[in-house]
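Below is one structure, written out as structure tokens; the observations come after it.
Values below: all heavy atoms of this structure, side chains included; hydrogens, waters and symmetry mates excluded. Each chain gets a letter, A, B and so on, in the order the sequences are listed, and its residues count up from 1.
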There are 2 protein chains.
Amino acid sequence: MTLADHPSPAPRPGRRADAERNRAVIIEAAGEVFAECGGGVDVREIARRSGVGMGTLYRHFPTKDELLATVLERQFNAWLTDAHQQAMATEDPWRALAGFFEQTLSTQARNRAVVESFTATGGPSDSCIQRCYSIIDELRTRCVDAGILRPGVTTEDLFLLSGSLSQAVLTTADSRPGQWRRLLRISLDGLSSRNTESLPEH
Amino acid sequence: MTLADHPSPAPRPGRRADAERNRAVIIEAAGEVFAECGGGVDVREIARRSGVGMGTLYRHFPTKDELLATVLERQFNAWLTDAHQQAMATEDPWRALAGFFEQTLSTQARNRAVVESFTATGGPSDSCIQRCYSIIDELRTRCVDAGILRPGVTTEDLFLLSGSLSQAVLTTADSRPGQWRRLLRISLDGLSSRNTESLPEH
DNA sequence: GACCAAGCGGAGCACGTGCTCCGCTTGAAG
DNA sequence: CTTCAAGCGGAGCACGTGCTCCGCTTGGTC
């Protein structure tokens with residue numbers, strides 16, 4: 001399932017048809033460019049890739065930040081929807097949790113801007129964070145109920161772990177792609193209930 | 001042991017005394033500013049903090065990158081020296097490894113530029129990387145000889161883990177400082193030889 | 001004390017990048 | 001077909017930031 005399969009979230013009635021089309025083209029192109037180059041790219045590059053002038057770009061998105069936010073929101077929601085569906089479809093709680101990390105990391109591996117957004121101030125919007133927390137919490141609860149998750153592990157721990165590993169994915173993307181799977185495996189084993197010693201308080 | 005306890009690596013004979021003094025002041029100030037603000041700070045801020053003009057700064061360091069490299073090299077070497085001494089002084093191999101991570105992360109937690117340097121292209125100089133690998137490899141070997149490290153764990157795995165956790169330290173530095181210790185604990189438990197299943201190949 | 005090369009300060013230049021302005025074009029309503 | 005507001009393109013402005021230039025100052029030597 002790719003991004004294009006998800007419905008565009010904000011169709012705007014009353015606008016001229018070409019404007020609507022341009023808006024969609026810009027979001028599409030910006031998504032690609034941000035993913036490849038990170039949030040620091042020159043806006044002209046996005047305009048160029050969209051085949052649209054600067055005026056048009058800034059008519060639709062008053063600032064670069066707003067464009068980035070729109071794109072990230074869209075990509076996050078697509079990813080979260082997929083992740084949720086996949087999690088629901090997996091019977092075994094542990095496989096569901098592991099699969100979530102696997103999917104998250106391999107998706108984000110190809111999207112610089114998304115990884116950056118976790119580091120930078122602000123990051124993704126609150127509603128996305130909230131949604132992400134909900135999914136992780138559901139996965140965590142299922143594992144706890146099955147007695148296979150280490151006691152004391154919080155949703156925040158899992159969220160932070162995901163962000164931390166994302167970074168590992170990025171740093172090894174060029175030199176040793178796939179090495180992150182080893183770290184993931186190590187972390188998951190550390191999360192197993194076979195480890196009974198309590199974790200340090202904050 | 002702090003940075004000031006380490007000898008300045010490059011005293012330059014034949015230079016005027018005030019120039020030598022200024023050079024030291026600049027390195028000191030730049031170290032603080034880079035640590036607080038990251039590598040993206042305005043050079044003027046470093047000049048201001050040094051109490052020195054732009055001309056003086058650029059006389060000693062022809063580019064900002066060179067200044068940053070000099071500062072990072074110095075800080076890395078100070079950190080590595082401390083880490084090595086501490087590792088040598090710890091009898092128990094596992095405590096030595098855990099202590100290395102603990103020290104690395106709590107040091108880097110207060111130094112944005114260092115963490116960034118692992119992410120950015122280039123990063124620390126090759127000789128630093130090499131030295132760091134040597135230390136980690138020594139720690140790893142001791143653990144392997146004692147039979148307490150999970151089979152198949154490489155020096156690269158441990159290096160990558162360190163960088164990955166550094167990121168976690170940064171992202172939670174403001175909101176939940178100390179949470180990274182929980183992730184570290186989880187990772188270390190996953191590295192224990194009690195986990196016998198082999199890690200995925202690259 | 002006199003001399004001067006080495007060193008210094010900071011105004012200002014060059015350039016990259018976010019954003020605007022305005023004359024031209026075009027979808028669509030009548 | 002006519003009309004025109006909505007939309008478009010891209011030159012160029014504003015500003016932040018790396019770096020330079022040059023007249024002034026000063027440590028060191030005789």
Note to self: Under a 3.5 Å threshold, yes or no: a donor from one side chain and an acceptor from the other, between Asn195(B) and Arg194(A)?
What the structure shows: yes

Item checked: Side-chain N,O (Tyr58(B)) to OP1/OP2 (dT20(D)) below 4.0 Å -> no

Next item on the list: Nearest whole angstrom, please: distance from the P of dG18(D) to the CZ of Arg48(B).
Entry: 15 Å

Check: Given atom CD of Glu66(A) and atom P of dC19(C), what is their separation to the nearest angstrom?
Finding: 10 Å

Margin query: Between Glu20(B) and Arg16(B), does any side-chain N to carboxylate O distance fall below 4.0 Å?
Written below: no

Next item on the list: May I have the distance from Arg23(B) (atom CZ) to dA6(C) (atom P), rounded to whole angstrom?
Entry: 18 Å

Checklist line | Residue met sooner reading DNA chain C from 5', once Gly55(B) and Gly40(A) are mapped to nucleotides | finding: Gly55(B)

Next item on the list: Tell me whether the OP1 or OP2 atom of dG9(D) has a side-chain N or O from Thr56(A) closer than 4.0 Å.
Entry: yes

Checklist line | Euclidean distance, atom CE of residue Met54(A) to atom P of dA11(D) [Å, nearest integer] | finding: 11 Å

Margin query: Please determine whether any donor N or O and acceptor N or O are separated by less than 3.5 Å between the side chain of Arg15(B) and the base of dG7(C).
Written below: no

Note to self: What is the distance, to the nearest angstrom, from the CG atom on Leu57(A) to the P atom on dG7(D)?
What the structure shows: 15 Å

Next item on the list: Specify the residue among Asp65(B) and Arg16(B) whose closest nucleotide of DNA chain D lies further upstream toward the 5′ end.
Entry: Asp65(B)

Next item on the list: Taking all heavy atoms of Gly39(A) and all of Ala113(A), pick out the closest pair and write down the distance.
Entry: N-CB, 4.2 Å

Check: Under 3.5 Å, is there an N or O donor on one side and an acceptor on the other linking the side chain of Arg44(B) and the base of dG9(C)?
Finding: no

Margin query: For a quick check under 3.5 Å, do Ser164(A) and Ser164(B) share a side-chain donor-acceptor pair by atom type?
Written below: yes

Next item on the list: Might you work through the side-chain contact (heavy atoms from CB on, under 4.5 Å) test for Arg142(A) and Leu97(A), ending with a clear yes or no?
Entry: CA-CA 9 Å; Arg142(A) 285 176 59 193; Leu97(A) 181 66; over 6 Å; no

Check: Over how many whole Å does the gap from Asn22(A) atom CG to dG27(C) atom P extend?
Finding: 11 Å

Check: Between Val52(A) and Pro62(B), which is nearer to the 5' end of DNA chain D once each is assigned its nearest nucleotide?
Finding: Val52(A)

Note to self: Below the 4.0 Å mark, does dC8(D) have OP1 or OP2 next to a side-chain nitrogen or oxygen of His60(A)?
What the structure shows: yes

Next item on the list: Could you tell me the separation between the NZ atom of Lys64(B) and the P atom of dT17(D), rounded to a whole number of Å?
Entry: 9 Å

Checklist line | Atom pair distance, as rounded to whole Å: CG in Leu68(B) and P in dC19(D) | finding: 12 Å

